[in-house]
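In what follows, residues are counted from 1 in the order of the sequence shown. Note that the structure is predicted; figures quoted are calculated from it, not measured.
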Amino acid sequence: FPVTIAVEDIKKLLADGWYTLSQEETAKLQRSSSTTDIVAFLTPPIRLRDVNHDAGVDQSCDMGRYIVAYRPKQAHIAVYEYKDNVVYGGYYHPHVGESGSICWGNAAEVATSSLKNNQPSRALTALRTLLQTYNDDSPYASLHNFIEAFELGEDPTIDHDNEEYYDEEE
């Protein structure tokens, strides 16, 4: 049977204005009380900061905006580049893989159970925190790498891992 999500759950998530929808997505949700389709959210601009007073570290980087794609049928959320993103080695956020996969860290259990139980707002709330928080113990690429790429104005299509170019998704 098809998985449906209650539009009311999505509307609760949108209430504080952090996540937004495109006009097309908004119209789609207004026409129905549930959906089986992908729901694509937009984030506001994200600024990550890493502060460690003991180590003398205080750095930050404007990471841009992201598209967050929720797929009810697969009980899956992914994050993709959207606007003004800083890219390093194919990564566009320290805790998001090149394919949009999320490193949930301590929030993995909450994310998995809420998605399986058709409560995406809990997982998306956890994702909001993850996207705004830098954990220097487990990044795909360090915040320092993103700051250097931004400051140098490097071509975001350069793969720093093997110095070859990779194909950017349009």
Side-chain angles (χ1 to χ4, degrees), residues 2-51 59-88 90-135 138-141 143 146-147 149-150 156-157 168-170:
V3 175
T4 61
I5 58 168
V7 172
E8 290 307 313
D9 193 45
I10 299 299
K11 288 179 181 176
K12 280 192 288 186
L13 181 72
L14 296 170
D16 72 0
W18 196 82
Y19 283 111
T20 58
L21 297 175
S22 67
Q23 288 180 341
E24 179 182 320
E25 291 284 331
T26 301
K28 181 171 69 174
L29 290 178
Q30 287 174 342
R31 289 190 300 266
S32 176
S33 62
S34 65
T35 184
T36 59
D37 299 329
I38 185 171
V39 179
F41 301 93
L42 304 176
T43 71
I46 303 291
R47 181 176 184 84
L48 285 181
R49 186 170 181 200
D50 181 20
V51 178
Q59 57 185 354
S60 61
C61 187
D62 292 322
M63 302 301 296
R65 296 179 69 190
Y66 300 96
I67 294 173
V68 176
Y70 168 57
R71 294 172 175 86
K73 289 180 185 177
Q74 292 85 15
H76 184 262
I77 296 174
V79 176
Y80 303 102
E81 297 173 79
Y82 175 58
K83 189 175 184 181
D84 301 325
N85 299 106
V86 177
V87 179
Y88 177 82
Y91 299 106
Y92 40 89
H93 189 282
H95 306 300
V96 177
E98 295 174 88
S99 65
S101 61
I102 301 161
C103 179
W104 288 100
N106 294 336
E109 187 176 324
V110 168
T112 301
S113 67
S114 65
L115 291 172
K116 286 182 180 177
N117 292 319
N118 203 19
Q119 298 173 324
S121 62
R122 289 183 61 219
L124 290 162
T125 299
L127 178 61
R128 174 182 175 169
T129 300
L130 183 142
L131 289 174
Q132 297 180 98
T133 306
Y134 177 68
N135 178 349
S138 64
Y140 286 111
L143 185 58
F146 288 98
I147 292 169
F150 178 79
T157 61
E168 250 186 26
E169 290 184 19
E170 296 294 325

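Separation of atoms OH (Tyr80) and OG (Ser99) is listed at 7.0 Å; rounding is to 0.5 Å. The line from CG of Leu115 to CG of Leu124 is 7.5 Å long, rounded to the nearest 0.5 Å. A distance of 12.0 Å separates NE2 of His95 from CD of Gln132, quoted to the nearest 0.5 Å. For the atom pair Glu81 CD and Tyr66 OH, the distance stands at 8.5 Å (nearest 0.5 Å). Ile77 CD1 to Trp104 CH2: the interatomic distance, rounded to the nearest 0.5 Å, is 4.5 Å. We find the CG-CD1 distance between Leu131 and Ile102 to be 7.0 Å, quoted to the nearest 0.5 Å.
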Could you walk me through whether Trp18 and Thr43 pass the side chain to side chain contact (heavy atoms under 4.5 Å, CB included) check?
CA-CA 7 Å; Trp18 196 82; Thr43 71; 4.0 Å; yes
Worked check of side chain to side chain contact (heavy atoms under 4.5 Å, CB included) between Tyr19 and Val39
CA-CA 12 Å; Tyr19 283 111; Val39 179; over 6 Å; no
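Side-chain atoms of His93 never come within 3.5 Å of backbone atoms of Met63 as a donor-acceptor pair (strictly under, hydrogens ignored). Remark: side-chain polar atoms of Tyr92 are paired, donor with acceptor, to backbone N or O of Val79 under 3.5 angstrom. One N or O on the side chain of Tyr134 and one on the backbone of Leu143 form a donor-acceptor pair closer than 3.5 Å.
When the salt bridge (charged side-chain N to carboxylate O under 4.0 Å, His left out) test is applied to Arg47, the partners found at least two apart in sequence or on another chain are Asp62.
Pro94 is listed as a side-chain neighbour of Leu48, based on a closest heavy-atom distance under 4.5 Å. In this structure, Ile67 and Leu42 have side chains that are in contact, with non-hydrogen atoms separated by less than 4.5 Å.
Between Val86 and Cys61, the closest heavy-atom pair is CG2-SG, 4.2 Å. In terms of heavy-atom proximity, Thr133 sits nearest to Thr129 at OG1-O, 2.7 Å. Here the closest heavy-atom approach between residue Leu130 and residue Cys103 is recorded as CD1-O, 3.1 Å. Of all the heavy atoms in Arg65 and Pro44, the pair that sits closest is CG-C, 3.6 Å. Among all heavy-atom pairs drawn from Phe146 and Tyr91, the shortest one is CE2-O, 3.3 Å.
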